[in-house]
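Input: a single structure, listed below in structure tokens.
We count residues from 1, following the sequence as given. Only this structure's heavy atoms are used, side chains among them; waters, hydrogens and symmetry mates stay out.
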Amino acid sequence: MPEAGSREHEIVVYGASGFTGGLTAEYLARNAPGLRWALAGRNQEKLEAVRERVAAIDPDLATLPLIKADAGDPESLRAMADSTQVVITTVGPYLNYGEPLVAACAAAGTDYVDLTGEPEFVDRMWLGYHAEAQRTGARLVHSCGFDSIPHDLGALFTVLQLPEGVPLRVEGFVRAGGTFSGGTFHSAVNAMGRLRQGRQAANERKRAEPRPAGRKVRGIAGPPRRVEAAGGWVLPMPTIDPQVVLRSAAALDRYGPDFRYGHYLAIKRLPMAAGLIGGVGAVVALAQLPPTRQLLLKLKDPGEGPSVEQREKAWFKVRFLGEGGNSRVITEVAGGDPGYGETSKMLAETALSLARDDLPASAGQVTPAVAMGQALIDRLIAAGISFTRVE
């Protein structure tokens with residue numbers, strides 16, 4: 001196994017010819033001069049087109065290395081993993097295509113970064129590769145886009161404003177405006193169609209994963225209600241984000257002896273909330289049967305994404321209410337286009353942090369807060385994503 005510091009590349013962007021992969025490559029071209037990196041994917045011609053795009057940003061990248069790698073060719077993935085310190089992958093749905101690369105990175109001691117929002121995939125990768133990654137020193141960091149960087153690091157930022165050694169309660173309230181790509185839509189529909197399998201994987205992981213000694217970490221949820229700090233009505237949001245926050249809390253003593261977290265979507269008007277509940281319920285129902293699931297998947301192509309104009313109008317704000325030890329704080333994480341502009345930034349800065357920052361020792365499947373914590377918060381603030389204490 002090559003030592004990380006002796007490898008040819010610091011970062012490889014796998015899936016660079018896809019929508020989010022291309023944006024991530026452009027971000028690195030603009031913001032990481034002198035980086036040793038490469039583009040990877042299965043189509044040489046498309047990779048060359050992405051290289052032309054990044055060379056238009058930085059002419060020195062006209063000879064940027066290209067790596068041919070395919071999820072159906074494990075040897076190509078292992079060679080790619082051996083060549084680099086960190087792999088960013090945007091090739092999803094991850095349940096369909098992600099496991100061979102996780103396996104290659106775990107075996108090679110290579111840090112791995114993705115943007116999955118698929119809980120079943122994350123649980124199955126923990127069951128299959130966490131122990132191997134611990135042995136080799138690989139850090140497998142899932143959910144490094146809008147799922148779940150603002151929520152995981154925002155909860156950490158909030159906890160750091162509260163007293164140490166006392167029970168803490170944090171709630172996150174998500175507001176966002178924008179659109180989503182075909183790849184995101186396909187991942188969501190496929191996950192909704194596998195609720196039973198997802199529960200099985202979650203239960204298997206729960207039985208195998210150690211619990212924090214002498215500490216409690218719990219999720220909280222409540223009925224739809226109005227919360228002034230959130231600016232409207234809030235609905236429990238059963239995404240992967242609260243799972244990531246709770247895993248960070250279980251791993252880090254700073255979250256206190258008894259930590260509780262609730263995660264919600266914030267909506268200004270009650271009729272909008274009711275409409276959203278009905279719409280999501282209909283999609284979940286349609287996703288259960290293969291014929292109707294296939295009809296849903298035809299609504300958007302996997303490589304389809306929003307226009308530049310649409311992305312420029314998009315935004316997100318995640319507000320956190322934290323309480324503990326007679327203290328109460330309100331914090332906020334905010335930025336631009338959550339699905340693409342900011343997600344590609346988060347992916348790139350995560351990989352740069354893993355490759356270059358002096359970080360706490362960790363290995364195996366770890367969350368962003370555990371692997372990078374304050375170092376990544378500092379990078380994202382410098383990159384234009386705000387972390388602020390409101391009250």
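Closest non-hydrogen pair, Gly154 versus Val333, comes out as CA-CG2, 3.7 Å. Counting all heavy atoms, side chain and backbone alike, Leu77 lies closest to Pro100 at CD1-CB, 3.5 Å. Of all non-hydrogen atoms in Pro360 and Ala371, the two that sit nearest each other are CD-O, 4.1 Å. Among all heavy-atom pairs drawn from Leu47 and Gly41, the shortest one is CD1-N, 3.6 Å. Across all their heavy atoms, Gly34 and Glu10 have their closest contact at O-OE2, 4.2 Å. Residues Pro236 and Pro224 share a closest heavy-atom pair of CD-N, 4.5 Å.
Ring geometry for Phe173 versus Tyr264: interplanar angle under 30°, hence parallel rather than tilted (30 to 60°). Between His263 and Tyr261, the ring planes are tilted. Angles from 30° to 60° get that label.
To the nearest 0.5 Å, atom CG of residue Leu101 and atom CE of residue Met80 are 4.5 Å apart. In this structure, CG on Leu380 lies 6.5 Å from CG on Leu153, to the nearest 0.5 angstrom. Taking CZ of Arg139 as the start and OG1 of Thr110 as the end, the distance is 11.0 Å to the nearest 0.5 Å. Taken to the nearest 0.5 Å, the CG atom of Leu347 stands 13.5 Å off from the CZ atom of Phe146. Distance OH/Tyr97 to CG/Asp70: 10.0 Å, rounded to 0.5 Å. The OG1 atom of Thr158 sits 9.5 Å away from atom CZ of Phe387, with the distance rounded to the nearest 0.5 Å.
Put simply, the side chain of Asp152 gets close to the backbone of Ala369: a donor and an acceptor are under 3.5 Å apart. With hydrogens and angles ignored, the 3.5 Å screen pairs a side-chain donor or acceptor of Arg51 with a backbone N or O of Leu64. Remark: side-chain polar atoms of Ser344 are paired, donor with acceptor, to backbone N or O of Gly341 under 3.5 angstrom. No donor-acceptor distance shorter than 3.5 angstrom exists from the side chain of Arg247 to the backbone of Thr367, with no hydrogens or angles considered. A donor-acceptor distance shorter than 3.5 angstrom exists from the side chain of Thr343 to the backbone of Pro338, with no hydrogens or angles considered. A donor-acceptor contact shorter than 3.5 Å is absent between the side chain of Gln365 and the backbone of Leu140. Checking side-chain atoms of Asp147 against main-chain N and O of Ser143 turns up no donor-acceptor pair under 3.5 Å. Asp357 places no side-chain N or O within donor-acceptor distance of the main-chain N or O of Leu359, the cut-off being under 3.5 Å. For Gln243 (side chain) and Pro119 (main-chain N/O), no donor-acceptor pair under 3.5 Å exists by modelled atom type. Between the Arg36 side chain and the Arg7 main chain, a donor and an acceptor come within less than 3.5 Å of each other.
Between Arg124 and Glu99 there is no salt bridge, since no side-chain nitrogen of the basic residue lies less than 4.0 Å from a carboxylate oxygen of the acidic one. The pair Glu132-Arg135 meets the salt-bridge criterion, with a side-chain N (NZ, NE, NH1 or NH2) lying under 4.0 Å from an Asp/Glu carboxylate O. Using a cut-off of 4.0 Å between Lys/Arg side-chain N and Asp/Glu carboxylate O, Glu342 and Lys345 are scored as salt-bridged. Looking at Asp258 and Arg218, a side-chain N of the basic residue comes within less than 4.0 Å of a carboxylate O on the acidic one, giving a salt bridge.
Looking at heavy atoms from C-beta onward, Leu156 lies out of side-chain contact with Ser248 at the 4.5 angstrom threshold. A 4.5 Å side-chain heavy-atom check between Gln85 and Leu354 finds every atom pair outside the cut-off. Counting heavy atoms from C-beta outward, Val159 and Arg254 have side chains that approach closer than 4.5 Å. With a 4.5 Å cut-off on side-chain heavy atoms, Arg379 and Met346 do not count as touching. In this structure, the side chains of Pro150 and Val174 stay at 4.5 Å or more apart for every pair of heavy atoms.
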(request) Test Lys216 against Arg211 for side chain to side chain contact (heavy atoms under 4.5 Å, CB included), laying out the working first. (result) CA-CA 9 Å; Lys216 294 179 181 179; Arg211 290 174 173 79; over 6 Å; no
(request) List the steps and the verdict of side chain to side chain contact (heavy atoms under 4.5 Å, CB included) for His151 and Thr239. (result) CA-CA 11 Å; His151 317 103; Thr239 58; over 6 Å; no
(request) Take Glu323 and Glu171 through the side chain to side chain contact (heavy atoms under 4.5 Å, CB included) test and state the conclusion after the steps. (result) CA-CA 9 Å; Glu323 298 174 312; Glu171 293 181 295; 5.9 Å; no
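A single hydrophobic cluster is not seen to contain both Tyr27 and Leu376; linkage of ILVMFWY side chains at heavy-atom distances under 4.5 Å, directly or through other members, places them apart. When the side chains of ILVMFWY residues are joined at heavy-atom separations under 4.5 Å, either directly or via intervening members, Trp126 and Leu252 end up in two distinct hydrophobic clusters. With hydrophobic clusters built from ILVMFWY side chains whose heavy atoms lie under 4.5 angstrom apart, Leu127 does not share a cluster with Val141. No continuous path of hydrophobic side-chain contacts links Val234 to Phe316 [ILVMFWY only; heavy atoms under 4.5 Å]. Connection of Val50 to Val91 is established within a shared hydrophobic cluster, with ILVMFWY side chains joined at heavy-atom distances below 4.5 Å, either directly or through further cluster members.
Checked against side-chain contact (heavy atoms from CB on, under 4.5 Å), Asn43 has the following partners two or more places apart in sequence or in another chain: Glu45, Lys46.
For Tyr94 and His142, the distance between ring centers is not under 6.0 angstrom.
Residue Arg42 places its CZ atom among 12 or fewer non-hydrogen atoms of other residues, nucleotides or ligands, all under 6.0 Å distant. Counting non-hydrogen atoms of other residues, nucleotides and ligands closer than 6.0 Å to CD of Glu164 gives a total of 12 or fewer.
When the options Thr331, Val390, Val329, Ile330 are evaluated for a side-chain contact (heavy atoms from CB on, under 4.5 Å) with Phe320, the one that passes is Thr331.
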